[in-house]
Amino acid sequence: MSEWLVLAIAMALVCALVLAMTVIRHRRVADDEDTSETPDVIEYMTMMVGVVYAIVLGLAIAGVWEARGAAEDSVRREAQSLYEVTQRADVYPAPVRDRIRGEVDAYVSHTVNVDWPRLVDGKEASPEGAELLGKLRTDVTHQSPANELQAQAYQPLLDQIAAADDARHSRTQSDESTLPSVVWVGLVVGGVVTIGLIFTLQIRRSGRELLLAGLFSALIVFLLFMVWSFDAPFGRDGTDSAGAFQDLFPALSVTASR
């Protein structure tokens, strides 16, 4: 089921529940109850709870957004470093150059087609990726420069592989959820309490008040969905977050899609 469909259903259910409870509460109000005014203490408490929850929700959104950006930066650095390896290997003879590029292609293909589904599912990256990158490092390290041009490219090649390895470690360490379970409990409970405070106010059955109550409830659901969606640094579905690899190695992406 699509994430957007889940969001639409959740927003519709919460809005319907809030509106239905508001209408039922209004119908069961005693005839002598004054619904024209709300006690000042209730208005104050409602305002304070709403402000505190908004701050916590804003911090959660900022935290998951920063984590998503850091994960995307690690992917970009890893892909760019490997791309530089394929370009700098041009100074070597054809057999050596083709072997280095083939090892880079094997690593990228494994990363996109094997590691990425595991990362999306919350699993650890397979050890084969580290083995492929280690093989590339060993091959380049043992390739003695035969001329001055190869000598100048030798150390930069090793530096790019080291940068790719460092970015890979950052990527594999960013696959877990950003927010701990206790924060999620607080966000969900806080959302329920914040929406529940609507019923402490003297809301009547006017179209304007019901519309505002429904929009407020839908907004809380949407913000929680946003936090949930960004809480997965590499997304919840597909390999869209591997766009840096697919952009720099389009031939491998086409082959994989076929």
Side-chain angles (χ1 to χ4, degrees), residues 1-3 60 62-89 98-143 156-184 226-258:
M1 184 180 295
S2 173
E3 293 183 5
V64 295
W65 182 274
E66 183 179 0
R68 172 69 67 90
E72 291 178 349
D73 183 66
S74 298
V75 174
R76 181 191 59 79
R77 288 190 293 110
E78 183 179 6
Q80 184 63 42
S81 298
L82 292 171
Y83 179 76
E84 288 295 327
V85 171
T86 62
Q87 299 304 305
R88 294 175 184 268
D98 294 342
R99 185 171 67 252
I100 292 176
R101 289 178 176 175
E103 291 173 353
V104 172
D105 291 345
Y107 174 79
V108 172
S109 179
H110 172 82
T111 299
V112 175
N113 298 317
V114 178
D115 274 354
W116 229 263
R118 295 175 62 89
L119 294 176
V120 171
D121 293 338
K123 302 178 182 178
E124 295 183 354
S126 64
E128 186 179 351
E131 295 174 1
L132 291 173
L133 192 58
K135 180 180 179 181
L136 173 64
R137 186 199 297 269
T138 302
D139 195 6
V140 174
T141 302
H142 292 170
Q143 185 62 43
L157 272 173
L158 293 179
D159 292 341
Q160 293 297 334
I161 296 176
D165 192 19
D166 179 68
R168 179 184 182 276
H169 283 294
S170 298
R171 170 173 60 83
T172 55
Q173 293 174 359
S174 302
D175 60 337
E176 297 180 355
S177 176
T178 305
L179 300 179
S181 301
V182 64
V183 176
W184 270 113
M226 182 185 298
V227 176
W228 174 80
S229 179
F230 282 103
D231 194 33
F234 299 102
R236 297 285 179 181
D237 187 24
T239 59
D240 294 340
S241 52
F245 286 103
Q246 297 170 345
D247 292 340
L248 294 176
F249 300 91
L252 296 179
S253 301
V254 172
T255 302
S257 63
R258 291 178 180 176

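In this chain, numbering begins with 1 at the start of the sequence shown. Note that these values count all heavy atoms, side chains included, but never hydrogens, waters or copies made by symmetry.
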Enquirer: With the side chain counted from C-beta on, respond yes when E78 and F245 share a heavy-atom pair under 4.5 Å apart, and no when they do not.
Expert: yes
Enquirer: What are the two closest heavy atoms between P233 and A67, and how far apart are they?
Expert: CB-O, 4.5 Å
Enquirer: Are any of the side-chain heavy atoms of W184 and D231 separated by less than 4.5 Å?
Expert: yes
Enquirer: Is there a side chain to side chain contact (heavy atoms under 4.5 Å, CB included) between R77 and D166 once you walk through the steps?
Expert: CA-CA 9 Å; R77 288 190 293 110; D166 179 68; 3.8 Å; yes
Enquirer: Answer yes or no: is there a side-chain heavy-atom contact under 4.5 Å between S126 and D115?
Expert: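 Sidechains of D115 and S126: in contact.
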Enquirer: Just wondering, more than 12 heavy atoms not from Q87 lying within 6.0 Å of its CD?
Expert: yes
Enquirer: Enter the distance from R168:CZ to Q173:CD here, rounded to the nearest 0.5 Å.
Expert: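 With rounding to 0.5 Å, CZ (R168) is 10.5 Å from CD (Q173).
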Enquirer: Is there a donor-acceptor contact under 3.5 Å from the side chain of R118 to the main chain of A125?
Expert: no
Enquirer: Distance-only, no hydrogens or angles: does the R137 side chain make a donor-acceptor pair with backbone N or O of L158 under 3.5 Å?
Expert: no
Enquirer: Taking the side chain as every heavy atom from C-beta outward, state whether V120 and P117 have any atom pair closer than 4.5 Å.
Expert: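 Not touching, per the 4.5 Å side-chain cut-off.
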Enquirer: Between CD1 of I100 and CD1 of I161, what distance do you get to the nearest 0.5 Å?
Expert: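 Reported value, rounded in 0.5 Å steps: 7.5 Å.
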Enquirer: What distance do E128 atom CD and H110 atom NE2 have between them, rounded to the nearest 0.5 Å?
Expert: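 E128 atom CD to H110 atom NE2 measures 4.5 Å (nearest 0.5 Å).
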Enquirer: With side chain to side chain contact (heavy atoms under 4.5 Å, CB included) as the test, would you mind laying out the steps for F249 and T86 before giving the verdict?
Expert: CA-CA 10 Å; F249 300 91; T86 62; 4.1 Å; yes
Enquirer: How far apart are the closest heavy atoms of L157 and V85, and which atoms are they?
Expert: CD2-O, 3.6 Å
Enquirer: Does the side chain of E84 come within less than 4.5 Å of P156's, by heavy atoms?
Expert: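 No, too far: nothing below the 4.5 Å cut-off.
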Enquirer: Specify the closest pair of heavy atoms between L136 and L82, including all atoms of both residues, with the distance to one decimal.
Expert: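 The answer is CD2-CD2, 4.4 Å.
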Enquirer: Are N113 and S109 close enough that a side-chain donor and a side-chain acceptor fall under 3.5 Å?
Expert: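 Per modelled atom types, N113 and S109 side chains form a pair under 3.5 Å.
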Enquirer: OG1/T172 to CD/E124 distance, rounded to the nearest 0.5 angstrom?
Expert: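 One gets 8.5 Å once the value is rounded to the nearest 0.5 Å.
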Enquirer: Side chains of V75 and W116: does their closest heavy-atom pair fall under 4.5 Å?
Expert: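 They are in side-chain contact.
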Enquirer: Shortest non-hydrogen contact from S81 to A163?
Expert: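 Distance-wise, the nearest heavy atoms are OG-CB, 3.5 Å.
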Enquirer: Tell me the closest heavy-atom pair linking A106 and L132, and the distance in Å.
Expert: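 Minimum heavy-atom contact is O-CD1, 3.8 Å.
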Enquirer: With a 4.5 Å limit on heavy-atom distance, are the side chains of F234 and R171 in contact?
Expert: yes
Enquirer: Looking at S229, is its backbone amide N or carbonyl O close enough to the side chain of R68 to form a donor-acceptor pair, meaning the two atoms are under 3.5 Å apart?
Expert: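 Checked: pair present.
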Enquirer: I'd like to check the salt bridge (charged side-chain N to carboxylate O under 4.0 Å, His left out) partners of D139; sequence neighbours left out, ordered by chain and number.
Expert: R99
Enquirer: Got T178 and F230 here, is their nearest side-chain heavy-atom distance under 4.5 Å?
Expert: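 Side-chain contact under 4.5 Å: no.
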Enquirer: Sequence neighbours excluded, which residues qualify as salt bridge (charged side-chain N to carboxylate O under 4.0 Å, His left out) partners of R76?
Expert: D73
